[in-house]
Amino acid sequence: MNKITIYTDGACKGNPGPGGWGAILRSTGHVEKELFGGELLTTNNRMEMTAVIEALSALKRPCDVKLYIDSKYVLQGITEWLQGWKAKGWRTAAKQPVKNVDLWQKLDALVNKGGHTIEWCWVKGHAGDPGNERADALANMGVIKALGGQ
């Protein structure tokens, strides 16, 4: 399997408000692909999730992925909460509907049906990590794009 390193990030100007997502995909041969986009009315959590979904969707075959994110919401959701939500019919422990269920279902399908091996890695945001800083810049470009710029 190809080894891929992915950095993702989301941004939102207001929460809710215009938002953007960005992702960098790097293969072992130093091939790099950058992706970004945005939406006019969204939330930071939705943009964080969209970045991961778009990055994994860009993979054309099963890969060995090391995925860096600065969102504890996404990290805990995918590694701790998701199985319980599914078992409870997409309800939280408090019996409330899961927020962003549409994106969680997309992410769940990509993770479980894509054939990828994924190592989820948390990185502190805005702390100088070059991959995270570039993903953040791409997410902010997504905000500009959503607002009609670029």
For this session: Report yes or no: do Leu41 and Phe36 belong to one cluster of Ile/Leu/Val/Met/Phe/Trp/Tyr joined by side chain heavy-atom distances under 4.5 Å?
Result: no
Exercise. What is the ring orientation for Tyr7 with Tyr68, classed by angle as parallel under 30°, tilted 30 to 60°, or perpendicular over 60°?
Worked result: parallel
Exercise. If you look at every heavy atom in Ala23 and Ala51, which pair is closest and at what distance?
Worked result: CB-O, 4.1 Å
For this session: Determine whether Asn2 and Ser27 make a side-chain contact, defined as any pair of heavy atoms from C-beta on separated by less than 4.5 Å.
Result: no
Problem set entry | Pair Trp122-Tyr73, ring-ring contact (aromatic ring centres under 6.0 Å, His included): steps then yes or no | CA-CA 11 Å; Trp122 183 78; Tyr73 171 72; over 10 Å; no
Exercise. Hey, does the side chain of His116 reach the backbone of Asp64 with a donor-acceptor pair shorter than 3.5 angstrom?
Worked result: no
Seminar exercise, completed: dist Lys13:NZ -> Asn44:CG (nearest 0.5 Å) comes out at 9.5 Å
Problem set entry | Side chain proximity check, Lys106 to Asn100, heavy atoms < 4.5 angstrom | no
For this session: Give, for atom CD of Glu54 and atom CE of Met47, the distance between the pair rounded to the nearest 0.5 Å.
Result: 9.0 Å
Problem set entry | Shortest non-hydrogen separation from Lys33 to Leu35 and the atoms involved | CE-CD2, 3.7 Å
Exercise. Can you tell me if Asp136 uses its side chain to pair, donor with acceptor, with the backbone of Asn132 under 3.5 Å?
Worked result: no
For this session: Answer with yes or no whether the hydrophobic clustering places Leu107 together with Leu67; edges join I, L, V, M, F, W, Y residues whose side-chain heavy atoms lie under 4.5 Å apart.
Result: yes
Seminar exercise, completed: In short, Gly17 meets Cys12 closest at the heavy-atom pair O-SG, 3.7 Å
Seminar exercise, completed: The reported gap from OG1 in Thr42 to CG in Asn15 (rounded to nearest 0.5 angstrom) is 8.5 Å
For this session: Report yes or no: do Ile24 and Ile69 belong to one cluster of Ile/Leu/Val/Met/Phe/Trp/Tyr joined by side chain heavy-atom distances under 4.5 Å?
Result: no
For this session: State, with a plain yes or no, whether a side-chain heavy atom of Asp9 is found less than 4.5 Å away from one of Glu133.
Result: no
For this session: Identify the heavy atoms of Ala11 and Asn140 that sit nearest to each other, and give their distance.
Result: CB-OD1, 3.9 Å
Exercise. Which atom pair, heavy atoms only, marks the closest approach of Ala146 to Gly19?
Worked result: CB-O, 4.0 Å
Problem set entry | Separation between CE of Met49 and OG1 of Thr43, rounded to the nearest 0.5 Å | 9.0 Å
Exercise. Can we say Asp129 and Lys124 salt-bridge, meaning some charged N sits less than 4.0 Å from an Asp/Glu carboxylate O?
Worked result: no
Exercise. Yes or no on side-chain contact (heavy atoms from CB on, under 4.5 Å) for Val111 and Ile118, after CA distance, side-chain angles and deciding distance?
Worked result: CA-CA 8 Å; Val111 168; Ile118 303 173; 4.0 Å; yes
Problem set entry | Salt-bridge contact Arg134-Glu34 (side-chain N to carboxylate O under 4.0 Å) | yes
Exercise. Any side-chain heavy atom of Cys121 sitting closer than 4.5 Å to one from Lys66?
Worked result: yes
Exercise. Given Val65 and Thr117, is the side-chain contact (heavy atoms from CB on, under 4.5 Å) satisfied, shown in steps?
Worked result: CA-CA 6 Å; Val65 178; Thr117 302; over 6 Å; no
Exercise. Between Leu110 and Ile6, is there a shared hydrophobic cluster once you connect ILVMFWY residues whose side-chain heavy atoms come closer than 4.5 Å?
Worked result: yes
Exercise. With side chains defined as the heavy atoms from C-beta onward, is the minimum distance between Glu48 and Trp21 less than 4.5 Å?
Worked result: no
Exercise. Within a strict 4.5 Å, meaning less than it, do heavy atoms of the Trp104 and Lys86 side chains meet?
Worked result: no
Exercise. Going only through I, L, V, M, F, W and Y residues with side-chain contacts under 4.5 Å, is there a path from Val101 to Leu75?
Worked result: yes
Problem set entry | Gap separating the CD1 atom of Ile78 from the CD atom of Gln83, nearest 0.5 angstrom | 8.5 Å
Exercise. Is any side-chain heavy atom of Pro97 less than 4.5 Å from a side-chain heavy atom of Arg91?
Worked result: yes
Problem set entry | Nearest-0.5 Å distance that lies between atom CD1 in Ile4 and atom CG in Leu56 | 11.0 Å
For this session: Decide side-chain contact (heavy atoms from CB on, under 4.5 Å) for Asp108 and Lys113; before the verdict, give the C-alpha distance in whole Å, the side-chain angles of both, and the deciding distance to 0.1 Å.
Result: CA-CA 8 Å; Asp108 182 43; Lys113 296 177 183 145; over 6 Å; no
